[in-house]
Protein chains: 2
Amino acid sequence: MNKMQESENCKNCSCKTSIFSSLTPDELEQINQGRYTVNYKPGEILFKQGTPSPHFVCLTKGLAKLYIEGYGKNLILALVKPVDYIFGPGTYVDNRHYYSAAAVDETTACLVDVNIFKKLIRQNPDFAEEFIQRLSRQAIFNFDQVISLTQKQMPGRIADVLFYLREKIYGKNPFEISISRQDLADLSGMSKESSIRILKELKDEGILKVTGNTVEILNEKQLRQISQTG
Amino acid sequence: MNKMQESENCKNCSCKTSIFSSLTPDELEQINQGRYTVNYKPGEILFKQGTPSPHFVCLTKGLAKLYIEGYGKNLILALVKPVDYIFGPGTYVDNRHYYSAAAVDETTACLVDVNIFKKLIRQNPDFAEEFIQRLSRQAIFNFDQVISLTQKQMPGRIADVLFYLREKIYGKNPFEISISRQDLADLSGMSKESSIRILKELKDEGILKVTGNTVEILNEKQLRQISQTG
DNA sequence: ACATTCCATTGATCTATCTCAATAATGTGA
DNA sequence: TCACATTATTGAGATAGATCAATGGAATGT
């Protein structure tokens, strides 16, 4: 199971560089107080859709997926890597999670009491503004995703996911995907068989190089074209 | 074209009852200062996706649709009726609209300078919190919509839209839809021909009564069932 | 090393949904 | 009131994508 562990102070943590940059040392110390660190093994659930949401999660190591459990299958909303935090919309509505989160790789996360967070939002306008910016960016990302999922055909959707993985998650070009083909399918709203087939097609056309879990985008222009065409 | 008009004070406006309830009289007066009222005829555009977003919009009369212009077709994100306001995610990101808005019925809206809004967010924590709640609820709504669009078949999607129209927009059971069949299709992510066919099927099965633009849900339980089944 | 389990791959079939095309109905302006 | 334009409806054909079923590979535990 997960083991708890004492960790260093927030003040030295790389998390500080993201939204927390607008916090004063004193406020950061408050975050530090109501905080604990947890390790997760691949596949382990951080939290389940529908359960209460008493804290927000800051990922310090590893990779996690956020997914909605729908009718029979899942939709992966996003992957989360360090340093990023997970703050579901339920926190300000009914204190419930509206999606589940699970570790993909070996993952470490800090859990912080949500009330401290809310208090800081009220008392620090810079922090509040930063947070609203975050929510806004997320909403924009979701718009792009919806359009991709509802208006593009499978090759276009896979192309979008591949760009997402390269640019936002792994950040380099031959990249090794730690997510499964099923996850790839859940990211692009199709069956896993279809995701495999499309991947193979792109490989056969020389647009991708696929070796096991390593993917390289060979012909960026053409893949971009496929993303546009739908 | 649209005619500008002087209108009463925000203090007497029914808009006050929504998010603005947390504003002090003085703050409400600030909103009132940087505000003007515009009328739109059916079909007229309130703002276009991609254009700058210098104010937020408060709907005081009529009905508007918010839609993303995608690849060849539109996706309607939501319908907006009084008293509700439209605040796109671009405002806190790059000051661009990420969706378009158009009047469905004869519509009146108040446009308020977004900088006043942002200033009030910073100075009034209750208002900020209220606003974050709004964004959160919207995100949750979007989640439901994505799942409906990507994981349900056409009858389920139409069922969801019909419930949405009855509960959130028209608020009564035999309701007259002022939106077109194309809009219905854009709400449920299908072609207009398909939306018409599904509507007819539901009518033939006795679940709906459809006369022109008037729709009545006759068998709520069965329609709920269809929504669930996908 | 071997068995077991899970994940990836491939092929064949089936079906939900789109597209195209034709017709009907409704609204609109002169 | 009539012509024109827009929207709604219906049918037939084409297809993207799902599902089912079988097989191959890799990882894991004993």
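Quick note: numbers below take in every heavy atom, side chains included, and nothing from hydrogens, waters or symmetry partners. Residue numbering restarts at 1 for every chain, and letters A, B, ... go by the order of the sequence lines.
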Protein-nucleotide distance ([X], atom [atom1]; [N], atom [atom2]), rounded to Å:
X      : N      : atom1 : atom2 : answer
A/Q153 : D/dA14 : CD    : P     : 17 Å
A/M190 : D/dA16 : CE    : P     : 13 Å
B/L184 : D/dT7  : CG    : C1'   : 14 Å
B/Q182 : D/dA8  : CD    : P     : 8 Å
B/Y71  : D/dA16 : OH    : P     : 19 Å
B/K192 : D/dG11 : NZ    : P     : 16 Å
B/Q151 : C/dA16 : CD    : P     : 17 Å
A/K152 : C/dC18 : NZ    : P     : 18 Å

Centroid-centroid distance, A/F47 to A/F56, less than 6.0 Å: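 When the ring centroids of A/F47 and A/F56 are compared, they turn out to be at least 6.0 Å apart.
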
Output field: ring centroids B/Y67/B/Y99 closer than 6.0 Å: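 Ring centres of B/Y99 and B/Y67 not closer than 6.0 Å.
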
Sidechain-backbone polar pair: A/R157 side chain, A/G189 backbone, donor-acceptor under 3.5 Å: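 Present.
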
Pairs meeting criterion salt bridge (charged side-chain N to carboxylate O under 4.0 Å, His left out) with involvement of residues 165-174 of chain B, two or more places apart: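 Residue pairs with at least one partner in residues 165-174 of chain B: B/R166-B/E220, B/E167-B/R224.
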
Pairs meeting criterion salt bridge (charged side-chain N to carboxylate O under 4.0 Å, His left out) with involvement of residues 132-144 of chain B, two or more places apart: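 Pairs touching residues 132-144 of chain B that pass the test: B/D84-B/R134.
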
C/dT17 phosphate, OP1 or OP2, under 4.0 Å from B/S191 side-chain N/O: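 Answer is no, no contact under 4.0 Å.
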
Straight-line distance of B/L202 CG to B/I226 CD1, nearest 0.5 Å: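 Going from CG on B/L202 over to CD1 on B/I226, the span is 5.0 Å.
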
Counterpart residues, ring-ring contact (aromatic ring centres under 6.0 Å, His included), relative to A/F131 (two or more places apart):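 In terms of ring-ring contact (aromatic ring centres under 6.0 Å, His included), with neighbours along the sequence ignored, A/F131 is linked to A/F87, A/F117.
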
Could you pull out the protein-nucleic contacts involving nucleotides 22-30 of chain D (nitrogen or oxygen on both sides, under 3.5 Å)?
none

N/O donor-acceptor pair, side chain A/E193 with base D/dC20, under 3.5 angstrom: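 Check passes, donor-acceptor contact within cut-off.
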
Give every pair of a protein N or O atom and an N or O atom of nucleotides 27-29 of chain C that lie under 3.5 Å apart, one pair per line with the distance.
none

Exercise: identify the closest heavy-atom pair between A/A102 and A/L46: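 Scanning both residues completely, I find the closest heavy atoms to be C-CD1, 3.8 Å.
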
Residue-level proximity of residues 173-181 of chain B to DNA chain D when a heavy atom falls under 4.0 Å: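 Result for residues 173-181 of chain B: B/S180, B/R181, sorted by number.
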
Contacting residues from residues 196-207 of chain B, given that a heavy atom lies under 4.0 angstrom of DNA chain D: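 Listed by number, they are B/I196, B/R197, B/K200.
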
Where at least one partner belongs to residues 168-214 of chain A, residue pairs that pass ring pair (Phe, Tyr, Trp, His ring centres under 6.0 Å), sequence neighbours excluded: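 Found A/Y170-A/F175.
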
Side-chain heavy atoms of B/L165 within contact of B/V215, under 4.5 Å: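 The answer is no; the side chains never approach within 4.5 Å.
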
Set of side-chain hydrogen bond (donor to acceptor under 3.5 Å, both in side chains) partners for B/N95, sequence neighbours left out: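 Checked B/N95 against side-chain hydrogen bond (donor to acceptor under 3.5 Å, both in side chains); zero matches.
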
Do any side-chain atoms of residues 194-201 of chain B form donor-acceptor pairs under 3.5 angstrom with protein atoms, and if so which ones, sequence neighbours left out?
unit_1: B/S194; atom_1: OG; unit_2: B/S191; atom_2: OG; d: 3.1
unit_1: B/S195; atom_1: OG; unit_2: B/R181; atom_2: O; d: 3.4
unit_1: B/S195; atom_1: OG; unit_2: B/K192; atom_2: O; d: 2.8

Sequence-distant partners of B/D183, salt bridge (Lys or Arg N to Asp or Glu O under 4.0 Å), two or more places apart: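 Listed in chain order: B/K65.
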
Contacts under 3.5 angstrom, residues 69-77 of chain B side chains, donor-acceptor by atom type, not counting sequence neighbours:
unit_1: B/E69; atom_1: OE1; unit_2: B/K48; atom_2: NZ; d: 3.0
unit_1: B/E69; atom_1: OE2; unit_2: B/K48; atom_2: NZ; d: 2.9
unit_1: B/E69; atom_1: OE2; unit_2: B/S100; atom_2: OG; d: 2.7
unit_1: B/Y71; atom_1: OH; unit_2: A/K152; atom_2: NZ; d: 3.3

